[in-house]
Amino acid sequence: MNIEASHALFLDETGAVSIAQLIEQSGLTEAELQVLVDCGALEPRDVAAGSWSFSSRCIVTARTARRLRDDFALDDAHSVAVVVRFMQRIEDLERKLHDLQARR
């Protein structure tokens, strides 16, 4: 019986991952991640830093971007970034709506 070891990741805003770890965990290329950063879909902790680090929560966003790219055969990283930004905006609006409904 061959059992593979797996690693659990706690994906929150306090954990940090390097760009190399984000590439490994997401399946995206560095160029694709760069486009996601340029379009605002991913946000490094310090944009001015020589080597970017991200909150571990960004792994979810990057994996979503990879799935969108693969599932919809999106060849252009900018198209993927736009779809991810739309999804983020929808989630934000749904959260605000839920908060407003909870106040009633």
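Numbers here are sequence positions counted from 1.
Counting only residues at least two apart or in different chains, salt bridge (charged side-chain N to carboxylate O under 4.0 Å, His left out) contacts with residues 26-36 comprise E32-R69.
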Got a list of side-chain donor-acceptor pairs under 3.5 Å for residues 84-97, not counting sequence neighbours?
unit_1, atom_1, unit_2, atom_2, d
R85, NH1, G40, O, 3.4
R85, NH1, Q88, OE1, 3.0
Q88, NE2, A41, O, 2.9
R89, NH1, D92, OD2, 3.1
D92, OD2, K96, NZ, 3.4

Worked verdict on L33 versus W52 for side chain to side chain contact (heavy atoms under 4.5 Å, CB included): CA-CA 11 Å; L33 291 172; W52 285 346; over 6 Å; no
Side chain to side chain contact (heavy atoms under 4.5 Å, CB included) evaluation trace for I23 with T29: CA-CA 6 Å; I23 290 167; T29 66; over 6 Å; no
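Residues V37 and F54 meet the side-chain proximity criterion, which asks for heavy atoms closer than 4.5 Å.
Judged as a side chain to side chain contact (heavy atoms under 4.5 Å, CB included), and not counting sequence neighbours, the contacts of D71 are R67. With sequence neighbours left out, the salt bridge (charged side-chain N to carboxylate O under 4.0 Å, His left out) criterion links D38 to no other residue. Not counting sequence neighbours, the partners of S53 by the side chain to side chain contact (heavy atoms under 4.5 Å, CB included) test are R45. Judged as a side chain to side chain contact (heavy atoms under 4.5 Å, CB included), and not counting sequence neighbours, E43 has no contacts.
Of all the heavy atoms in V80 and A65, the pair that sits closest is CG1-O, 3.5 Å. Closest approach of A62 and L28 over heavy atoms only: O-CD1, 3.4 Å.
Separating the OG atom in S26 from the CZ atom in R63 is a distance of 8.0 Å, to the nearest 0.5 Å. Atom OG1 of T61 is separated from atom CG of L36 by 8.5 Å, given to the nearest 0.5 angstrom.
The one candidate from S55, S56, C58 that meets the side chain to side chain contact (heavy atoms under 4.5 Å, CB included) condition with V17 is S56.
One N or O on the side chain of Q21 and one on the backbone of S18 form a donor-acceptor pair closer than 3.5 Å.
The hydrophobic cluster containing V35 does not contain I19, counting ILVMFWY residues as joined when their side-chain heavy atoms lie under 4.5 angstrom apart, directly or transitively.
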